There are 2 protein chains.
Amino acid sequence: MSAYAALAEPHRRDILDLLRGGERSVGELVARLDISQPGVSKHLRVLRDAGLVTVRPEGRVRRYALSPAPLAEVDAWLEPYRAAWSARLDVLQRHLEEHPE
Amino acid sequence: MSAYAALAEPHRRDILDLLRGGERSVGELVARLDISQPGVSKHLRVLRDAGLVTVRPEGRVRRYALSPAPLAEVDAWLEPYRAAWSARLDVLQRHLEEHPE
DNA sequence: GTCAAATATAACTCACCGGCTATATGGCGC
DNA sequence: GCGCCATATAGCCGGTGAGTTATATTTGAC
């Protein structure tokens with residue numbers, strides 16, 4: 001699954017947001033996510049296949065960590081659009097300068 | 001459908017990319033997209049519902065234009081991750097400086 | 001070795017998505 | 001009005017996604 005598709009699911013974005021705070025075990029994620037443990041494991045599998053997270057087994061616990069590299073592609077795709085919407089903001093700003101309310 | 005989900009479909013990203021070059025009629029999009037006209041219309045409907053494009057009827061032609069505002073949300077979500085992956089690059093860079101091959 | 005804890009996988013269901021063809025809708029030319 | 005052109009919608013189908021419960025797997029504790 002592409003990084004784009006992986007991000008389409010809100011729970012998966014939640015998981016990534018949680019992992020931004022550092023490594024988390026599956027149990028810790030389950031505790032914060034209002035879906036079943038197998039559901040979390042399934043999402044983690046998708047994220048792992050997309051290269052967005054990595055696992056580090058530690059005893060019987062598996063700690064997941066963020067691996068944000070694939071997001072760079074999304075960011076790169078977004079790049080030209082950033083110009084587009086800031087251009088729009090510029091237009092608005094110029095308009096306001098020339099026609100103050 | 002959320003902006004994230006809208007972006008999950010490659011054809012829809014293609015459509016947005018095409019619209020970056022300016023307004024396009026449905027026919028022009030169909031000509032470049034290797035899917036049927038109804039398929040394109042369906043994707044345009046999704047993009048419209050997500051607020052990513054706007055329509056301007058002009059005679060019997062409907063011209064679609066980019067409306068990138070919802071992408072700002074995606075960009076904002078991505079923001080903290082940008083830090084995360086540039087941090088990783090920094091780590092790599094420092095490593096290379098301290099241990100040149 | 002046995003049991004319990006942590007996690008993954010299997011198997012199932014339901015809903016939705018993306019493609020198609022066929023058809024409806026609305027504007028234009030005559 | 002009639003027919004054509006551009007586009008949208010309806011309706012169908014096959015695939016897949018996200019959730020569940022039940023079960024398998026691995027590891028640690030004893």
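In the text below, chain A, chain B and the rest are named by the order of the sequence lines, each starting its count at 1. All values below were derived from every heavy atom in this structure, side-chain atoms included, with hydrogens, water molecules and symmetry-related copies excluded. Everything quoted here is computed from the prediction, not taken from an experiment.
The pair B:Arg82-B:Asp75 meets the salt-bridge criterion, with a side-chain N (NZ, NE, NH1 or NH2) lying under 4.0 Å from an Asp/Glu carboxylate O.
A distance-only check finds no donor-acceptor pair linking the side chain of A:Arg12 to the backbone of A:Leu7 [under 3.5 Å]. Looking only at distances, a side-chain donor or acceptor of A:Ser67 sits under 3.5 Å from a matching main-chain atom of A:Gly51. Without hydrogens or angle criteria, B:Tyr4 side chain to A:Arg13 main chain gives no donor-acceptor distance under 3.5 Å. No donor-acceptor pair closer than 3.5 Å links the side chain of A:Glu9 to the backbone N or O of A:Ala6.
Of the residues in residues 21-29 of chain B, none has a non-hydrogen atom less than 4.0 angstrom from any atom of DNA chain C. Within a heavy-atom distance below 4.0 Å of DNA chain C, no residue of residues 1-12 of chain A is found. Contacts between residues 36-48 of chain B and DNA chain D, counted as heavy-atom distances below 4.0 Å, involve B:Gln37, B:Pro38, B:Ser41, B:Lys42, B:Arg45.
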Between N or O atoms, less than 3.5 Å apart, protein on one side and nucleotides 25-28 of chain C on the other: list the pairs.
residue, atom, partner, partner atom, Å
C:dG27, N2, B:Arg60, NH1, 3.2

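Remark: B:Arg48 pairs with no residue by the salt bridge (charged side-chain N to carboxylate O under 4.0 Å, His left out) rule, at least two apart or across chains. Partners of B:Pro70 under the side chain to side chain contact (heavy atoms under 4.5 Å, CB included) rule, at least two apart in sequence or in another chain, are B:Ala3, B:Leu52. For A:Ile35, the side chain to side chain contact (heavy atoms under 4.5 Å, CB included) partners are A:His11, A:Leu33, A:Val40, A:His43, not counting sequence neighbours. In this structure, A:Asp14 has no salt bridge (charged side-chain N to carboxylate O under 4.0 Å, His left out) partners at least two apart in sequence or on a different chain. B:Arg45 is linked by a side chain to side chain contact (heavy atoms under 4.5 Å, CB included) to B:Asp49, counting only residues two or more places apart in sequence or in another chain.
A:Trp77 and B:Leu16 get closest at one heavy-atom pair: CH2-CD1, 3.9 Å. Residues B:Ala8 and B:Pro10 come closest through the heavy atom pair O-CD, 3.5 Å. When all heavy atoms of A:Arg24 and A:Leu18 are compared, the closest pair comes out as NE-O, 3.7 Å.
The distance between atom CG of B:Asp34 and atom P of C:dG19, rounded to the nearest whole Å, is 11 Å. The interatomic distance linking B:Arg13 (CZ) with C:dG18 (C1') rounds to 14 Å, in whole Å.
In this structure, the nucleotide among C:dA8, C:dA6, C:dG19 sitting nearest to the side chain of A:Arg62 is C:dA8.
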Less than 3.5 Å apart, which donor and acceptor atoms pair up between the side chains of residues 56-66 of chain B and the rest of the protein, not counting sequence neighbours?
residue, atom, partner, partner atom, Å
B:Arg56, NE, B:Glu23, OE2, 2.8
B:Arg56, NH1, B:Glu58, OE1, 3.1
B:Arg56, NH2, B:Glu23, OE1, 2.6
B:Arg56, NH2, B:Glu23, OE2, 3.3
B:Arg56, NH2, B:Glu58, OE1, 3.1
B:Glu58, OE1, B:Arg63, NE, 3.2

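On the nucleic acid side, DNA chain D contacts chain B at distances under 4.0 Å to non-hydrogen atoms, with the end points of that region at D:dC4 to D:dG11.
The phosphate of C:dA8 has OP1 or OP2 within less than 4.0 Å of a side-chain N or O from A:Tyr64.
As a member of the Ile/Leu/Val/Met/Phe/Trp/Tyr network built from side-chain separations under 4.5 Å, A:Met1 groups with A:Val46.
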